[in-house]
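For this chain, numbers begin at 1 and follow the sequence in order.
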Amino acid sequence: MQKSDLTDALKRVALMVDKKAGRLYFNISDGVLKITSQQSDMGSADEEIPCEYAGQSYTLALNYRYIEEPLRVINAERIVFEFTEEMKAVTMRPEPAGDYFHIIMPMQKE
C-alpha cells in the first residue's frame, strides 16, 4: 500500500482509538484495507484504503503505536505488511525491501 494513504488513514482513525489499549482492527480483503477503531465513550471510526492483496479475508487487531511509530522512520513510498495468520507476528517493511523491518505482535480481538 502507499505509505501516504496509510499515514493519512491512521491519523483520522486515531482520533477514536481507546488510548489505554491502543487497539486498531485491520480488515484485509481483496484490494482493500479497512482500518477500524472503536472507543466506547466517543464512538468509532473507519477508513478504507486500497492495497495489493488477494486471498482470504483476515482481521488483525494491532496496537496503533506499533504501526504509527515505524512509519516515521521508513523512507519509502510503499509499505508492506506480511503475515500468515491472525494471531502470528506481522512484519512491516518498506517496499522495495531495505535493511529495516518492524515486527508487530497482534492483540486479542475482544
Using the rule that Ile, Leu, Val, Met, Phe, Trp and Tyr join whenever any side-chain heavy atoms are under 4.5 Å apart, tell me whether Leu71 and Val17 fall into a single cluster. yes
Those residues at least two apart in sequence (or on a different chain) that pass side-chain hydrogen bond (donor to acceptor under 3.5 Å, both in side chains) with Arg78 are Gln2, Glu52
Is Ile104 reachable from Phe26 through a run of hydrophobic residues whose side-chain heavy atoms are each under 4.5 Å from the next? yes
Ala76 to Pro94 - nearest heavy-atom pair and separation: CB-CB, 3.6 Å
For the side chain of Arg23 and the backbone of Gln108, is there at least one donor-acceptor N/O pair under 3.5 Å apart? yes
In terms of hydrophobic clusters joined by side-chain contacts under 4.5 Å, are Ile74 and Val90 together? yes
Student check: side-chain heavy atoms of Val73 and Tyr100 closer than 4.5 Å: yes
Nearest 0.5 angstrom please: Leu60 CG to Lys88 NZ, how far? 13.5 Å
Exactly one of Asp46, Leu10, Asn63 clears side chain to side chain contact (heavy atoms under 4.5 Å, CB included) with Leu24, and that residue is Leu10
Strictly by ring-ring contact (aromatic ring centres under 6.0 Å, His included), give each pair with a member in residues 42-69 just once, sequence neighbours left out. Tyr58-Phe83
Say whether, by atom type as modelled, one donor and one acceptor occur between the side chain of Ser37 and the main chain of Val13 under 3.5 angstrom. yes
Contact check, side chains of Asp5 and Met1, non-hydrogen atoms, under 4.5 Å: no
Sequence neighbours excluded, which residues qualify as ring-ring contact (aromatic ring centres under 6.0 Å, His included) partners of Phe101? none
Same apolar cluster: Ile28 and Leu62, side chain cutoff 4.5 Å: yes
Salt-bridge criterion met for Lys3 and Glu77 (N-O under 4.0 Å): no
Does some side-chain heavy atom of Met92 sit less than 4.5 Å from a side-chain heavy atom of Ile79? yes
Roughly how far, to the nearest 0.5 Å, is CD of Glu48 from CG of Asn27? 9.0 Å
Within a 6.0 Å radius of atom CD on Glu82, are there more than 12 heavy atoms belonging to other residues, nucleotides or ligands? yes
Does one hydrophobic cluster hold both Val32 and Val80, with members joined at side-chain heavy-atom distances below 4.5 Å? no
Check Lys109 with Glu86, please: is the shortest side-chain N to carboxylate O separation under 4.0 Å? yes
Identify whether the distance between the nearest side-chain nitrogen and carboxylate oxygen of Glu95 and Arg93 falls below 4.0 Å. yes
